[in-house]
Each structure stands twice: as structure tokens, then as C-alpha cells.
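First comes the structure, then the notes that go with it.
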Amino acid sequence: METYSFNSSSAGQMASIARLAPKFKHLAEAATSGSASLDAIAYAMRRIEREGLAVHCRAPYASPVESPYSSTMCRTPEELIREYCTHAVRSELAEHFDRICAELFDQESMLDELSQQTLAWLEVNERPDGMWDLEGRLTGDTGKLLSNTLRTAVPPPRQDQADDDGLLPRVSGRNAEALHQMVAAYGTSPDSPRRHGHTATLNLICDIETLTGAATGRLPILDGRPVSISRARHLACEAGLLPSVFDYETGEALELGREKRLPNTALRHKLELEQQGGCAWSGCRAPVSWTEAHHIIHWADGGKTDADNLILLCRFHHGRIHTGKWEVTKTGPGKASIVHLNGSTDEDWEADPCKDLPNGHDSGEWSPRHKTELTDLALWYAQKKMQAAIARARERFRTRPG
């Protein structure tokens, strides 16, 4: 690079070719003779080595294969690859390699898939702080399915979704929310697997007196564990409800009704048509398909399940409303006024340039159990904002006349 002023990319390509030349004499010859570009030869050599095809590429065909570009007969896959490197445009090489790999691994591919399935594992473990860790290793097919599903559920952030500092939403955070939406939808699907008649859903047990705040001495139970009343009220806003009569003295379930969903499909469709922009919180980018129906006057307090008493909010802002620090008033179809008890609106909240986190999660709302991790995230966000501000300042001075 110092002697001939090669850039790092060209130097890296030549270094790869020099290192791998003893394994691939035909490709090395094409590089030294100039019949093929260094870029194409370096890509080919690296790809062959990465795919574990070095031995297969040198193994002779049962009968020579004619080059698709000339009458040259290729005795080995390496010679055929050389023809592609010589004649094909760079953008076509990956497609040609995929076909060659599929041909060379016709039988080995099944062994590879079986081996991947044996090596695949996934663990889902609850942390002491109440969150969950996902750790594992997936087969190629499973990984591609998950990746494609997440990309479908969460398109990559666009430039018009950047904040005032030019920072785009975290893809990893969007993926986590997409996974929740996928699992929640799958659990309520009639086609999802069932065990003893039930799908993979959360089970909340709470009587109406406790839910309305009466001093019953009882706590709601979520999947066998006590939860707060505010958490139960949040879950009960939009849930699959199975009304029942329960005798607390004997511990006996006396009568079970039919499951019903609030709101029903027709009402949900009406709300989505009125609120096509997504979450009602100002500046929130969550699509309408990710929203939950919030009862402005809680149904446990006598609020009706109708369009006038419902507004759609994403999970995060729905939970924020249930902290008791916000008042929501519906101002029209799909529109609401959201005001903090201190007088600031959701628009003021989002416009604050000193937000602790990009989604507006204020440090006053942080859980003590997660404060350390949230502090680290806020510091990372502050650093990104500082870097963006410095970049803007440099650009402004760079473009200043004179």
C-alpha cells in the first residue's frame, strides 16, 4: 500500500489471492495473466474456502463440462469458476456460486442439514429482574425463516424516521417488539398448537371487586404468580376473557362462561380505520397492527367498550398511561389529548431535546431493578446525540463560504 498506493480493498484482495494461490492454481493463473479481475478472483477464492469447497473444486467431473461462455471444456469445478470470473459480471458471481455449491453438495447438503439440527439449541430463561434471556443456535433454514419474518414484521427504519439528531430507531429493539407481536398472534390463532384445549397464552385470574380497587385482600394471579392490580388492569384492557364464578372459601370454580374478546373484530376494525397512523402517542412510530385498545374510562370502572371510550396505543405507551400519571381524553375519531399531571402534553414530552432515551422513557419512570441497564443505554444514546451534533457542526463549517 505504501509503495504502490493501493487502497486497502485492493491490497486485501491481492493478499488473499497470494495466500490461497497454492490451493487454486487455475484461479491464480487467471489473476496473474489478467484474464479475470482481482476483485472476482479474490471473491471466488474466499467463497470457496469459506464454503469448504477447496477439495470438491479440484475433484474432476465425470465428464468435462463446457463453459457457458465459450467452447472451453472445464475438467474441474475450479476451471468452471474461472470461466465465470473471466466472463461474468461481478453481480452475477454470487448466483453462479450458489448453483455450483448446490451441485457439489447435492448429497452432502442433507448430511449438513441433519448435523445442523443436531447442533441446534434454544434456551429461554427467566432472569431475576423479571426479564427473559434468549440464547441459542439455529439451523440455517430456521435462522432464515426467523430473519425473514422479522424483516417482514419490522421493515428496516427509513431515513424519514430519524429523530432530530439523525438517529434511527434501534433495529434490535424493533425486533424484540416484533417477536412479541408474532408470538402473541400465534398464541391466539385457531391453527396454533394446543395442549389440553389451550394455546400458548397468558392466564390472568382476578375478580371484579379486586380489579376495581376494593380492599379484598386478594391479588390478581398471572400464570400462577401474584401481580399488581395496575398490571392486571393493563392486561384486562384488551384480552381474551373467560368469565367464571369462583368460590374463594372453598377454592372451587362453580361455573365457566364462553371466552370473549374485547373489543370484538368489528370494533377493532373500526378503530384501526379511524387511526391508520398507528399509536395515538405523539411521534410514536408503532404501526396500527402493534397497538392495543385502551379504555379511557376503564371497563372495570364502568367504562363502555365502544369507539368513544377506546383509543389505540402501542404496548409501551399503553403501559405508560397505566402509571396513573397521564390523563387521556378522546377528542375525535382516532384522536386523543394526552396530558401529564404536571401539565405537559405527549407532544411536549417528545419535543424535549433532553430526553433520557429515544422513546421518551423518562428516568423518573425507570424501575429500580433495571436502573443500571437503562443508565448505560441512556449514556450510549447521549454519546450518539453528541456525535451527531459534532458531525452537524463540522458539516456547517465545512460548507461555509470562504
> Considering residues, nucleotides and ligands other than K330, do more than 12 of their heavy atoms fall under 6.0 Å from its NZ?
Replying inline: yes
>> If I compare all heavy atoms of C279 with all of T291, which pair ends up nearest, and what's the gap?
In response: N-CG2, 3.7 Å
> What orientation do Y69 and H87 show, parallel under 30°, tilted 30 to 60°, or perpendicular over 60°?
Replying inline: parallel
> Considering all heavy atoms of both residues, which atom of K270 and which atom of A307 are nearest to each other, and what is their separation?
Replying inline: CE-CB, 3.4 Å
> Quick one: do R268 and E272 make a salt bridge, cutoff under 4.0 Å?
Replying inline: yes
> Would you say the side-chain atoms of E350 and W281 include a donor-acceptor pair closer than 3.5 Å?
Replying inline: yes
>> Can you confirm whether the side chains of R58 and T76 place a donor and an acceptor under 3.5 Å from each other?
In response: no
>> Looking at every non-hydrogen atom in both residues, tell me the closest pair between T331 and A336 and how far apart they are.
In response: OG1-N, 3.7 Å
>> Quick check: H294 with H322 (ring centres under 6.0 Å apart)?
In response: yes
>> Surrounding NE2 of H180 (heavy atoms of other residues, nucleotides or ligands, distance under 6.0 Å), is the total greater than 12?
In response: yes
> Quick one: do the E78 and H26 side chains pair a donor with an acceptor below 3.5 Å?
Replying inline: no
> If you look only at pairs with a residue in residues 27-36, which of them pass as a side-chain hydrogen bond (donor to acceptor under 3.5 Å, both in side chains), with sequence neighbours excluded?
Replying inline: S33-S35
> R174 and W290: which non-hydrogen atoms are nearest, and at how many Å?
Replying inline: O-CH2, 3.8 Å
>> Can you give me the closest heavy-atom contact between S344 and W326, atom names plus distance?
In response: O-CZ3, 4.1 Å
>> Tell me whether E95 at atom CD has more than 12 heavy atoms from other residues, nucleotides or ligands lying less than 6.0 Å away.
In response: no
>> Ignoring hydrogens, what is the shortest heavy-atom contact between C85 and A36? Give both atom names and the distance.
In response: O-CB, 3.7 Å
> So, N175 versus S172: side-chain donor-acceptor pair below 3.5 Å or not?
Replying inline: no
> If you count the non-hydrogen atoms of other residues, nucleotides and ligands that lie under 6.0 Å from CE in M386, is the total more than 12?
Replying inline: no
> Within a radius of less than 6.0 Å around CD of E66, do more than 12 heavy atoms belonging to other residues, nucleotides or ligands occur?
Replying inline: yes
> Are any of the side-chain nitrogens in E79 or K25 under 4.0 Å away from the carboxylate oxygens of its partner?
Replying inline: no
> Hey, what do you get for CG (L357) to OG (S363), rounding to the nearest 0.5 Å?
Replying inline: 9.0 Å
> In chain order, what residues pass the side-chain contact (heavy atoms from CB on, under 4.5 Å) check against D133, with sequence neighbours excluded?
Replying inline: R127
> In Å, rounded to the nearest 0.5 Å, how long is the span from NE2 of H361 to CZ of R320?
Replying inline: 6.5 Å
>> In this structure, is the centre-to-centre distance between the rings of F97 and Y43 below 6.0 Å?
In response: yes
> Looking only at side chains, do T372 and T375 share a donor and an acceptor under 3.5 Å apart?
Replying inline: no
